[in-house]
2 protein chains.
Amino acid sequence: MIVPTLGTMLENIGLLLALASARGVAAASKALAPAELNARSYSLLEQIVLADGPSQRDLADALRLDPSQIVALVDQLEDRGFAERRPAPTDRRLKAVVVTDQGRRFYAQVRADVERSLDDVLADLSRDEREQLRSLLHRIARPESAAPELVD
Amino acid sequence: MIVPTLGTMLENIGLLLALASARGVAAASKALAPAELNARSYSLLEQIVLADGPSQRDLADALRLDPSQIVALVDQLEDRGFAERRPAPTDRRLKAVVVTDQGRRFYAQVRADVERSLDDVLADLSRDEREQLRSLLHRIARPESAAPELVD
DNA sequence: TATTGTTATACTCTATAACTATA
DNA sequence: TATAGTTATAGAGTATAACAATA
């Protein structure tokens with residue numbers, strides 16, 4: 001190795017964010033592989049379980065994905081019997097995405113595996129530090145002065 | 001909107017990391033677009049500027065990319081006259097990647113734009129909080145007990 | 001006119017395997 | 001036998017535009 005301490009001179013917080021995120025996604029993906037789910041579909045299922053009835057537009061906003069991508073992801077959950085599309089009573093353009101009993105059970109199972117894998121990623125951090133990190137990230141990922149700026 | 005508070009019930013720190021990272025990359029990409037550089041190439045150039053002589057393997061480790069991807073990225077920097085490959089004197093398998101004067105000037109220019117764009121992303125955080133975040137992320141992205149685990 | 005869901009498509013990224021030259 | 005760099009390629013992920021139905 002020519003430069004042994006390359007990594008230690010890193011200051012760029014943007015790169016640090018990207019590297020930490022990549023580690024988290026990799027760990028979650030590995031944990032989810034046996035269930036044939038990827039990290040994005042897991043997060044989508046989680047949103048559906050927690051909200052129980054969001055429109056696809058809501059899901060696109062929550063995950064900062066293009067609505068056209070939500071279509072395929074919800075299709076997959078529907079094909080596996082984990083979610084269903086229901087016409088929204090108030091606005092016939094909307095489709096409410098609801099979790100099925102089977103989907104709720106499945107989520108409970110895989111969630112334990114995912115959280116264990118994230119524990120590994122956060123192993124060096126105390127409980128307090130994890131809460132700090134979560135709070136700081138929340139203010140970056142979901143600023144109070146909303147203004148979603150997926151495309152600009 | 002069916003569920004107004006979807007975003008606020010988010011606990012998943014893995015998703016928060018991914019969203020925050022995506023915001024950072026998007027902001028940096030936007031700032032770098034006029035210079036026809038993407039976030040990854042910027043980080044690569046930064047490593048070369050800071051280390052001045054890393055092997056391509058070093059760069060792959062620092063950015064957690066596959067060595068085969070570094071080839072194309074270094075090619076691009078070389079084509080634009082920002083970096084050069086030099087045979088390493090100690091081991092003829094290695095190629096030391098060094099920044100050119102032109103590359104150093106270019107980096108200084110775009111760096112200001114990137115840091116300004118990251119300021120926007122971190123706007124809600126105080127100086128102390130940014131330092132906290134950087135420190136926490138560093139311990140996730142570059143754990144002391146190294147063991148790079150790109151592929152496993 | 002604007003918005004939701006949808007389809008199709010092109011583009012970028014990423015992962016993987018195989019090869020060479022050197023050690 | 002192992003490592004650095006390289007090439008090629010297939011797959012996953014992403015962005016974009018256009019359309020029908022509804023508001």
Side-chain angles (χ1 to χ4, degrees), chain A residues 1-3 6 18-19 21-23 25-26 28-30 32-33 36-44 53-78 83-97 148-152, chain B residues 1-3 18-19 21-23 25-26 29-30 32-33 36-44 53-78 83-97 148-152:
Chain A
M1 190 189 290
I2 300 174
V3 176
L6 215 177
L19 292 176
S21 168
R23 258 200 91 190
V25 171
S29 297
K30 194 174 167 186
L32 287 164
E36 295 184 73
L37 209 66
N38 62 24
R40 182 170 308 111
S41 291
Y42 170 79
S43 290
L44 180 69
S55 71
Q56 295 186 188
R57 162 63 60 177
D58 292 334
L59 293 169
D61 290 343
L63 270 55
R64 310 266 170 157
L65 292 176
D66 192 273
S68 66
Q69 295 180 54
I70 300 291
V71 174
L73 295 173
V74 171
D75 281 350
Q76 289 168 21
L77 292 183
E78 213 166 23
E84 285 175 10
R85 278 180 249 238
R86 297 211 186 131
T90 55
D91 186 333
R92 278 188 299 173
R93 288 175 306 182
L94 306 188
K95 297 184 183 176
V97 182
E149 25 155 341
L150 180 59
V151 182
D152 38 353
Chain B
M1 191 188 287
I2 300 177
V3 177
L19 292 176
S21 167
R23 258 198 92 189
V25 171
S29 298
K30 194 174 165 184
L32 288 165
E36 295 185 70
L37 208 68
N38 62 24
R40 183 170 308 109
S41 291
Y42 170 79
S43 290
L44 180 68
S55 71
Q56 296 187 186
R57 163 62 63 176
D58 291 334
L59 293 170
D61 290 343
L63 269 56
R64 309 266 171 160
L65 292 176
D66 191 274
S68 67
Q69 294 179 56
I70 300 292
V71 175
L73 294 173
V74 171
D75 281 349
Q76 289 167 23
L77 292 184
E78 214 166 25
E84 286 175 10
R85 278 179 249 237
R86 297 213 186 130
T90 54
D91 185 332
R92 279 188 298 172
R93 287 176 306 180
L94 305 187
K95 298 185 183 175
V97 182
E149 23 154 345
L150 181 59
V151 180
D152 40 352

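Values below: every heavy atom of this structure, side chains too, minus hydrogens, waters and symmetry copies. Bear in mind that the values here come from a model prediction, so they are computed numbers and not experimental data. Convention: sequence-line order gives letters A, B, ...; per-chain numbering from 1.
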Asks: Taking atom P of C/dT20 as reference, at what distance in whole Å does atom CD of B/Q56 sit?
Replies: 19 Å
Asks: Let me know which of A/V74, A/D75, A/L73 forms a side-chain contact (heavy atoms from CB on, under 4.5 Å) with A/V71.
Replies: A/D75
Asks: From D/dT6, D/dA23, C/dG5, pick the nucleotide closest to the side chain of A/D91?
Replies: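 Nearest to the side chain of A/D91 among the choices is D/dA23.
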Asks: In whole Å, what is the span from the CZ atom of A/R57 to the C1' atom of C/dT6?
Replies: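 It works out to 13 Å between those atoms.
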Asks: Hey, could you give me the CD/CG distance between B/Q76 and B/L44, rounded to the nearest 0.5 Å?
Replies: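 One gets 9.5 Å once the value is rounded to the nearest 0.5 Å.
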Asks: Any side-chain heavy atom of B/D61 sitting closer than 4.5 Å to one from B/R57?
Replies: yes
Asks: Specify the separation, in whole Å, of atom CG of B/L63 and atom P of C/dC13.
Replies: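 One finds 14 Å between P of C/dC13 and CG of B/L63, rounded.
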Asks: Please report, rounded to the nearest Å, how far the P atom of D/dA23 is from the NZ atom of A/K95.
Replies: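 Atom-to-atom, A/K95 to D/dA23, this comes out as 13 Å.
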Asks: Please tell me which of the listed nucleotides, D/dG5, D/dT14, C/dT22, lies nearest to the side chain of B/R92?
Replies: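 Between D/dG5, D/dT14, C/dT22, the one nearest the side chain of B/R92 would be C/dT22.
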Asks: Measure the distance from CG on A/L65 to C1' on C/dT4 and round it to the nearest whole Å.
Replies: 16 Å
Asks: Is a donor-acceptor contact shorter than 3.5 angstrom present between the side chain of A/R93 and the base of C/dT3?
Replies: yes
Asks: Using atom CG of A/L44 as one end and atom P of D/dT14 as the other, report the distance to the nearest whole Å.
Replies: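 Taking CG of A/L44 and P of D/dT14, I get 13 Å after rounding.
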Asks: Any side-chain heavy atom of A/R92 sitting closer than 4.5 Å to one from A/P87?
Replies: no
Asks: Check whether B/Q56 reaches the backbone of B/K95 with its side chain - one donor and one acceptor, N or O, closer than 3.5 Å.
Replies: no
Asks: Examine D/dT14: is either OP1 or OP2 under 4.0 Å from a nitrogen or oxygen in the side chain of A/R40? Give yes or no.
Replies: yes
Asks: Can you tell me if B/Q69 touches the phosphate of D/dT6, counting only side-chain N or O atoms and a distance under 4.0 Å to OP1 or OP2?
Replies: no
Asks: On DNA chain D, compare the nucleotides closest to B/I70 and A/S68; which residue's is nearer the 5' end?
Replies: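 The residue mapped nearer the 5' terminus is B/I70.
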Asks: Nearest whole Å is fine: how far is D/dT3 C1' from B/L94 CG?
Replies: 9 Å
Asks: Could you give the CG-to-P distance, from B/D66 to D/dT3, as a whole number of Å?
Replies: 15 Å
